[in-house]
Amino acid sequence: MDKSSDFYSRVYELVRCIPAGKVTTYGIIAEFLGSKGSSRMVGWALNAVIDRIDIPCHRVVNRLGELSGKMHFDHPMQMKDRLLEENITFIGETVDLSKHLWKPDDSFNDLI
DNA sequence: CGGGTGACTTTAC
DNA sequence: CGTAAAGCCACCC
């Protein structure tokens, strides 16, 4: 596999590898990609692929577990609904990161 | 190259 | 809890 040099492509591959029942944050993704400060671009990249079912953009939340991108879905509830389907536990409108936080190097390592 | 933009993050009030 | 401001960086024009 060609190692995607594009920041966007890396985001897509990374997000695509998020296991069900787990979530990650924009900051972690950006940091793993080597650009900690580009956390905003992570969401920007996901916005371009929100139509692609291959990429579970609903598993990406901000550092507090808040569904910051829910309003970009067809319906805001769609994001939370999908997470609930994967046994994600919520604290109000916030994901319980202490139980569901996932980090790339878990099994990613040399995939990218 | 420069300016605008943003699903972030942190600090402050 | 809320809003405000600044820092951050890749992408687009």
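In the text below, chain A, chain B and the rest are named by the order of the sequence lines, each starting its count at 1.
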If you restrict it to nitrogen or oxygen atoms, what contacts under 3.5 Å exist between nucleotides 11-13 of chain B and the protein, and what is each distance?
none

Shortest non-hydrogen separation from [X] to [Y] and the atoms involved:
{"X": "A:H100", "Y": "A:T89", "value": "NE2-OG1, 2.8 Å"}
{"X": "A:F7", "Y": "A:S38", "value": "CZ-OG, 3.0 Å"}
{"X": "A:N62", "Y": "A:T25", "value": "O-CG2, 3.6 Å"}

To the nearest Å, give me how far apart [atom1] ([X]) and [atom2] ([N]) are.
{"X": "A:L64", "N": "B:dA7", "atom1": "CG", "atom2": "C1'", "value": "14 Å"}
{"X": "A:F32", "N": "C:dC9", "atom1": "CZ", "atom2": "P", "value": "19 Å"}
{"X": "A:M79", "N": "B:dA7", "atom1": "CE", "atom2": "P", "value": "13 Å"}
{"X": "A:I29", "N": "C:dC9", "atom1": "CD1", "atom2": "C1'", "value": "15 Å"}
{"X": "A:K36", "N": "C:dC9", "atom1": "NZ", "atom2": "P", "value": "9 Å"}
{"X": "A:Y8", "N": "C:dC9", "atom1": "OH", "atom2": "C1'", "value": "11 Å"}
{"X": "A:R52", "N": "B:dA7", "atom1": "CZ", "atom2": "C1'", "value": "17 Å"}
{"X": "A:Y26", "N": "B:dC8", "atom1": "OH", "atom2": "P", "value": "6 Å"}

Exceeds 12 heavy-atom contacts within 6.0 angstrom, atom CG of A:N47: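 Atom CG in A:N47 is crowded, with more than 12 foreign heavy atoms closer than 6.0 Å.
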Taking atom CZ as the centre, does A:R16 end up with more than 12 heavy-atom neighbours from other residues, nucleotides or ligands that are less than 6.0 angstrom away? yes
Below 4.0 Å: OP1/OP2 of B:dC8 and any side-chain N or O of A:T25: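 False: A:T25 side-chain N/O out of range (4.0 Å or more) of B:dC8 OP1/OP2.
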Is the distance from OP1 or OP2 of B:dT9 to the nearest side-chain N or O of A:S39 less than 4.0 Å? no
Check whether any side-chain heavy atom of A:R59 sits under 4.5 Å from a side-chain heavy atom of A:E86, and report yes or no.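 In contact.
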Please tell me if the side chains of A:V61 and A:M79 come closer than 4.5 Å, counting only heavy atoms from C-beta onward.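 A side-chain contact under 4.5 Å exists here.
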Give one of base, sugar-phosphate or nothing for [X], where a contact means two heavy atoms less than 4.0 Å apart.
{"X": "A:L67", "value": "nothing"}
{"X": "A:S38", "value": "sugar-phosphate"}
{"X": "A:N62", "value": "sugar-phosphate"}

Which nucleotide in the list [options] gets nearest to the side chain of [X]?
{"X": "A:M41", "options": "B:dA7, B:dT9, B:dG6", "result": "B:dG6"}
{"X": "A:N47", "options": "B:dA7, B:dG6, C:dA10", "result": "B:dA7"}
{"X": "A:W44", "options": "C:dC9, B:dA7, B:dG6", "result": "B:dG6"}

Considering only the P atoms, how many Å lie between C:dC8 and B:dA12, rounded to the nearest integer?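 Rounded to whole Å, the distance is 16 Å.
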